[in-house]
2 protein chains.
Amino acid sequence: MGRWEPDARERLVRAALDLFSEQGYENTAVAQIAERAGLTKSTFFRHFRDKREVLFGGQDVLAELMTGAISGAPEEAGPLEAVEAALVATAVTFTDERRAHGPQRLAVIAGNDELRERAALKMVGFAVAMTDALKRRGVPELEAAVAAELGVLAFNHGYERWLETGGDFAEVTRRTFSDVRAAVGSLEGAE
Amino acid sequence: MGRWEPDARERLVRAALDLFSEQGYENTAVAQIAERAGLTKSTFFRHFRDKREVLFGGQDVLAELMTGAISGAPEEAGPLEAVEAALVATAVTFTDERRAHGPQRLAVIAGNDELRERAALKMVGFAVAMTDALKRRGVPELEAAVAAELGVLAFNHGYERWLETGGDFAEVTRRTFSDVRAAVGSLEGAE
DNA sequence: TACGGTGATGAGACCAAGTCCCATCACATG
DNA sequence: CATGTGATGGGACTTGGTCTCATCACCGTA
């Protein structure tokens, strides 16, 4: 596993994040990112499938953590409890270091359609993963889909709250999920 | 409003859909689509922002129909009733002619990541549009988001059901949304 | 110390998506 | 018949993304 300067991948992420912030996503060429990281275009595409992916690395790990938690939830747990376990299970990846450049990352994504598109796909990926995992537990199709969708909603809101308020991701997300469930209750009760 | 052969846009859509089915999305060049439609690459990009968009035309109209219906819903209507009205309002665009190439379109989209990505973005667009429209009615943030998300879920499932079973889109969607609400009820009651 | 294997990188050709600018054509109007 | 307008054609150009081959650092081993 020989290497010149270590952490090529992380260097690319940092360079990309900074350049996107400075000049905007579409005004930044991949070659420029690679150059700032002391690498070349070839190496960039060896680490990331495309230009967008440099901002979304490790999301597949999240999906695996979610499905793992749902599969491993106790027999008696209902779908919503399983989904909550899935959200909590992702907390291990949300370190303080990751929290540091979270706002910068969010701002870049919000400012570009291609990136919002990629973000949307990732969320759909989470929803599908959780839906499938729930169905494997015997949860009916529609109930599984609804539970998963509520989970993704809580995940997104929870992530933003976590960036704003800090604290433990698991704790913040649990609260957020509880708020979502309360909102569902209000909706059902209102009519 | 001069024009040689009429309906350039529709010809492009047909050509694209057929070529994508025959050879796959990524094996089809924009120039090829334009050629089959008797046009050129320039004209293609004058009608569609990018290669993907040729399969997603008119989705902005749907979003407007949804927000219009939510804004125009009676005062007493709850969030879920407003969302149901939004779904029903889109029915006018789902003609028999559109239903004809629906399955072909779905198959093409399912077979390519870029296209699923674009589809995901469109759904997020619907969710955001409905959420905002609900908030303008005074619905609290989270309740609005949940209601909108349930609406999008019903919209997607309803669309597929409509393609399979036929009939009136409004009717199919109404039933689907009712099923989604029932699923929500089961979830809440289970724990 | 020399040698070969391995994994990461560099370099450059190549194709297609998407942008831009300008010329051109059909049609309507005066 | 002149003129304007909207849609199209054509081609140059940039960049994302793929592919192939050469190169370099490191590691183990003789």
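Per chain, numbering begins at 1; letters A, B, ... match sequence-line order. For the numbers below, each heavy atom of this structure counts, side chains included, while hydrogens, waters and symmetry mates do not.
Protein atom CD of B:Glu53 is 12 Å distant from nucleotide atom P of C:dT19, rounded to whole Å. When rounded to the nearest whole Å, the span between CD of B:Glu35 and C1' of D:dG9 equals 14 Å. One atom, CG of B:Leu39, and another, P of C:dA26, lie 15 Å apart when rounded to the nearest Å.
A cation-pi arrangement, defined by a distance under 6.0 Å to the six-membered ring centre and an angle within 45 degrees of its axis, is absent between B:Arg105 and B:Phe20. By the 6.0 Å and 45° rule, B:Arg52 does not stack over the aromatic ring of B:Tyr25.
The side chain of A:His47 places no N or O atom within less than 4.0 Å of a non-bridging phosphate oxygen (OP1 or OP2) of C:dA8. Checking the phosphate oxygens (OP1, OP2) of D:dG9, a side-chain nitrogen or oxygen of B:Thr40 falls inside 4.0 Å.
Under 3.5 Å, the side chain of A:Arg46 and the base of C:dG7 form no donor-acceptor pair of N or O atoms.
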Completion exercise
Its contact letters, B for base, S for sugar-phosphate only and - for none at protein heavy atoms under 4.0 Å, make nucleotides 11-18 of chain D read B----SBB
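Between A:Asp96 and A:Arg99, no side-chain nitrogen of the basic residue sits less than 4.0 Å from a carboxylate oxygen of the acidic one, so the salt-bridge criterion is not met. With salt bridges taken as basic N to acidic carboxylate O contacts below 4.0 Å, one links B:Glu53 and B:Lys122. The pair B:Asp7-B:Arg14 does not meet the salt-bridge criterion, since no charged nitrogen lies less than 4.0 angstrom from a carboxylate oxygen.
Partners of B:Asp60 by salt bridge (Lys or Arg N to Asp or Glu O under 4.0 Å), not counting sequence neighbours: none found.
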